[in-house]
Amino acid sequence: MKHSSPTRRDPHEMLRQALTEGWETVESMPLKGEGTFLVLTLSGLVRLARNRSDTRRERRGDAYGPARAPVIAEESGNYLAAIAWKWPDR
């Protein structure tokens with residue numbers, strides 16, 4: 001018996017779902033010094049991150065994914081491609 005192929009993640013659908021759940025788009029992402037926030041990454045992970053830049057530098061959406069912006073993960077210090085953000089529940 002063959003198994004079914006797993007469905008491929010769709011970043012555009014992930015963004016649509018996140019926006020209905022109260023996430024914000026990258027156009028309104030906090031800048032350097034405004035604190036840490038949760039980001040939804042292009043790969044589907046949710047991480048605590050901060051913006052290293054004092055200007056917004058987003059990459060326009062394309063066939064690969066929706067508009068995204070580079071941020072830095074708080075835990076590891078790695079760059080992430082954020083597609084949505086929100087303030088953490090405190």
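Not measured: the values here are computed from a predicted model.
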Let me know which of Val46, Leu19, Leu15, Leu45 forms a side chain to side chain contact (heavy atoms under 4.5 Å, CB included) with Leu40.
Val46
Nearest heavy-atom contact between Ala18 and Ala84 is CB-CB, 4.4 Å
Name the residue from Val26, Ile83, Thr25 that meets the side chain to side chain contact (heavy atoms under 4.5 Å, CB included) definition with Pro66.
Ile83
Same cluster for Leu80 and Leu31 if Ile/Leu/Val/Met/Phe/Trp/Tyr side chains link at under 4.5 Å?
no
Taking all non-hydrogen atoms of both residues, which atom of Thr41 and which atom of Met14 are closest, and how far apart?
O-CE, 4.1 Å
List the atom of Arg52, the atom of Tyr79, and the distance in Å for their closest heavy-atom pair.
NH1-OH, 2.5 Å
Over all atoms of both residues, closest heavy-atom pair of Val39 and Ala49
CG2-CB, 3.9 Å
Set out, in order, the CA-CA distance, both residues' side-chain angles and the distance that settles side chain to side chain contact (heavy atoms under 4.5 Å, CB included) for Asp62 and Arg68, then state yes or no.
CA-CA 10 Å; Asp62 52 18; Arg68 50 204 177 269; 3.3 Å; yes
Closest non-hydrogen atom pair, Gly65 against Leu42
CA-CD1, 4.2 Å
Quick one: does any side-chain atom of Asp54 pair with a main-chain N or O of Lys32 as donor and acceptor, under 3.5 Å?
no
Just wondering, do Trp85 and Ser28 contact through their side chains at under 4.5 Å, heavy atoms?
yes
Side chain to side chain, Leu48 and Phe37, heavy atoms closer than 4.5 Å
no
When you look at Glu27 and Glu58, which way does the side chain to side chain contact (heavy atoms under 4.5 Å, CB included) test go after all the steps?
CA-CA 7 Å; Glu27 289 86 18; Glu58 71 225 22; 3.4 Å; yes
About how many Å separate CH2 of Trp23 and CG of Leu38, when rounded to the nearest 0.5 Å?
5.0 Å
